[in-house]
Number of protein chains: 2
Amino acid sequence: MPRPRDENKVLLIHAAALKLVIKTGFSSLKMADVAKEAGIATGTLYIYYKSREDLINDLYVVTKKEIAEVMLSPENQEDTLYGSFKKMWLAYFFFCYKNPEKMLFTEQFLYSGLISETNKALTDSFFEPLNQFLEAAKKQSFIKDLDVELLKAHMHGALHEIVKLLIKSGQRPEAFPIHSMFELTWNGVRL
Amino acid sequence: MPRPRDENKVLLIHAAALKLVIKTGFSSLKMADVAKEAGIATGTLYIYYKSREDLINDLYVVTKKEIAEVMLSPENQEDTLYGSFKKMWLAYFFFCYKNPEKMLFTEQFLYSGLISETNKALTDSFFEPLNQFLEAAKKQSFIKDLDVELLKAHMHGALHEIVKLLIKSGQRPEAFPIHSMFELTWNGVRL
DNA sequence: ATTTTTGATGAATATAAATTCACTTATATT
DNA sequence: AATATAAGTGAATTTATATTCATCAAAAAT
C-alpha cells in the first residue's frame, strides 16, 4: 500500500556523488551537496542509505562492478591472447577516459580507510576472470611468470596515471599515442 | 628579545601529520590529532601555519623536494644511461617502500583539490633535471620517443602500485622480485 | 473515497573539527 | 634583575556538516 521507492533515485545519487568527487576530491564530498546535485532533499539520502559511509561504499561496489563488466565483456574476446589482452586494456583505458570521476573515485577510495573488508573481498571477486586469463597467459608463456597481482598492479597504476595526464592535457584521445602507450605496457609484461 | 621559535617543531609537526596520514588517510587528518602526536598544543600549530590547508601544502612541498633529492642524487649517476636510469628507479622504489606515508600522501594530495597552483609549479620544478635526463635518453635513441610527461606518468604509476602491493603483502623487499619489476618498466620504455 | 503506509522534505539538532584568544612562559636584550 | 617580546597553551568559540524528525504527499489496498 505504500508509495513505491523510486529506484531511479539511486542512480541520480550516484551520478551526483561522482560529479562532485571529480570537482573537489572525495574527502570533501558533502551530503547536502550530493542531495542538491541530485535534486532531492538531504533527508531523502537517508532513506536510501544509512550513512555517508554507506553511500560511498555502495558507490564503490557499483563502480567496480561496472569496470569489471566493461573489461571482461565478451566483446573483448579475440582469437589471440594478445588480441584479447589489448582489447581489455583499451576497454579499460577508454572507460577511464570517459569516466574520470569513476576512475579517480575508486582510486582514492581504496586508501581512504573507509572501505569495509567485506566490500574489498566482494569487489576483488568481480575480477576473478581476469586473474584466470592472466594465469592462462602465464602458463602458455605469453607473459612473464610474475605474481598476477603484481602484473595487475603494474598495468593498473601505469594506465591510471596516463589517463590522468590525458585528461589534464585536454587533448582528444585521437591525438594521443594510445597504441604506443599500450605497447609500453605490453612490452613490459610480454615474454 | 623574544623567545626564539623552535624550528625543530616544524619537523615534529611534519612527522606527526605523516604518521596520521598513513593510519586513516589524509582526508581525516585532524589538527588536534596532529598537535597531540607532535606533543604540542593545537594553538601552537597556528603559530607555524596559517591553516590546515597551509600545513598540508607545506608538507607536500617538503616531501616532493625530498623525493627529488633522493632520485636525483649524484650517487645515482652511472657510466651508462641504463645504469643511471635503474639507480634512480631503485632509489625511488626504496624511498617509497621505507616511507609509504610520504608516497601515499603525495599521491592523494595531488587530487585532493587542496594544492595551490604555485606549489604545483614549484614541485614540478624540482624534477626538471629528470626531464632533461629523459630528453637526453630520447635523443640518443635509448628510450622511446614519447612525451616525457607520458613516460614519467607510466613509470610513476606502475612503481607506486607495486610498492603498495609490496607493503600490503607484508613481504620483505628481499623476497620481492624487484629487478624483474624494474625490467617490466624498462622493457616498456627502452628502444 | 477512505485509509494505510511509506516516500519525501528541509529546518532543526547534534556532532565534529578548525580556529581563536586571553593568558602563561621562556629567553634575549637592556 | 628587570623588561619586552614572541612562543606556547588549551579551553572556548566558531564553523562546517552529518543526521534526525515532525510534517506533508503520493500511491496502493480496502
Side-chain angles (χ1 to χ4, degrees), chain A residues 1-61 105 108-109 111-116 119, chain B residues 1-60 105 108-109 112-116 119:
Chain A
M1 321 110 159
R3 181 174 176 183
R5 184 180 287 207
D6 182 358
E7 283 307 329
N8 181 49
K9 280 225 167 65
V10 173
L11 299 178
L12 280 177
I13 293 169
H14 285 172
L18 286 169
K19 184 169 176 185
L20 293 174
V21 162
I22 203 176
K23 256 198 210 150
T24 56
F26 120 104
S27 57
S28 52
L29 187 71
K30 284 157 218 154
M31 294 299 263
D33 291 349
V34 171
K36 196 175 179 186
E37 180 70 35
I40 62 178
T42 54
T44 308
L45 287 177
Y46 290 85
I47 292 167
Y48 293 88
Y49 295 105
K50 197 166 67 21
S51 66
R52 178 177 182 272
E53 186 168 343
D54 240 49
L55 190 164
I56 295 178
N57 262 277
D58 181 50
L59 183 54
Y60 180 75
V61 171
F105 170 71
Q108 289 180 37
F109 182 66
Y111 288 89
S112 69
L114 270 182
I115 192 174
S116 72
N119 282 338
Chain B
M1 322 109 156
R3 180 175 177 183
R5 184 181 287 208
D6 182 358
E7 283 307 331
N8 181 48
K9 281 226 169 64
V10 173
L11 299 177
L12 281 177
I13 293 169
H14 284 171
L18 286 169
K19 185 170 175 185
L20 294 173
V21 162
I22 202 176
K23 258 197 210 151
T24 56
F26 118 105
S27 56
S28 52
L29 188 72
K30 285 155 215 155
M31 293 300 262
D33 291 350
V34 172
K36 198 175 178 186
E37 179 71 36
I40 61 177
T42 53
T44 308
L45 287 175
Y46 290 85
I47 292 167
Y48 293 87
Y49 296 105
K50 197 165 68 22
S51 67
R52 177 177 182 273
E53 187 168 342
D54 239 50
L55 191 165
I56 296 177
N57 261 277
D58 181 49
L59 184 54
Y60 180 75
F105 169 70
Q108 289 180 37
F109 183 64
S112 69
L114 271 182
I115 192 174
S116 71
N119 282 338

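If you're wondering where the values come from, they're calculated on a predicted model, not measured in any experiment. Chain letters run A, B, ... following the sequence lines, proteins first, then strands; residues in each count from 1.
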Rounded to whole Å, please give me the gap between CG in Asp6(A) and P in dA8(C).
6 Å
With rounding to the nearest 0.5 angstrom, report the CG to CD1 distance, Asp6(A) to Ile40(A).
9.5 Å
Does the side chain of His14(A) come within less than 4.5 Å of Leu59(A)'s, by heavy atoms?
yes
Please examine the side chains of Tyr49(B) and Ile13(B), heavy atoms only from C-beta on, and report whether any two atoms are closer than 4.5 Å.
yes
If we only count heavy atoms from C-beta on, is the Arg52(A) to Leu29(A) side-chain gap below 4.5 Å?
yes
Starting from C1' on dA18(D), measure out to CG on Asp33(A) and report it in whole angstrom.
12 Å
Most 5' of Gly39(A) and Pro4(B) on DNA chain C, judged by nearest nucleotide:
Gly39(A)
Roughly how many Å is it from CD1 in Ile47(B) to P in dT5(D), rounded to a whole number?
17 Å
Does Lys9(A) make a side-chain N or O approach to OP1 or OP2 of dG7(C) shorter than 4.0 Å?
no
Please state how far atom CG in Leu12(A) lies from atom P in dT9(C), giving the value in whole angstrom units.
11 Å
Asn57(A) side-chain N/O to Glu53(A) backbone N/O, donor-acceptor pair under 3.5 Å:
yes
Tyr49(A) OH - dT20(D) P separation (whole Å):
17 Å
Hey, does the side chain of Arg5(B) reach the backbone of Tyr48(B) with a donor-acceptor pair shorter than 3.5 angstrom?
no
Each nucleotide of nucleotides 10-17 of chain D classed B (base within 4.0 Å of a protein heavy atom), S (only sugar-phosphate) or -, in 5' to 3' order, makes BB-----S
Atom-to-atom span, CD1 of Ile13(A) to C1' of dG7(C) - whole angstrom:
12 Å
Whole angstroms only, please: what is the CD-P distance between Glu53(A) and dT19(D)?
9 Å
Quick one: is dG8(D) close enough that its OP1 or OP2 comes under 4.0 Å of any side-chain N or O from Tyr48(B)?
yes
Figure out the CG/P separation between Leu55(B) and dA18(C), and round it to whole Å.
11 Å
Partner nucleotide, any strand, of dT24(C) [Watson-Crick/G-U, under 3.5 Å]
dA7(D)
4.5 Å side-chain heavy-atom contact, Lys9(B) and Ile47(B):
no
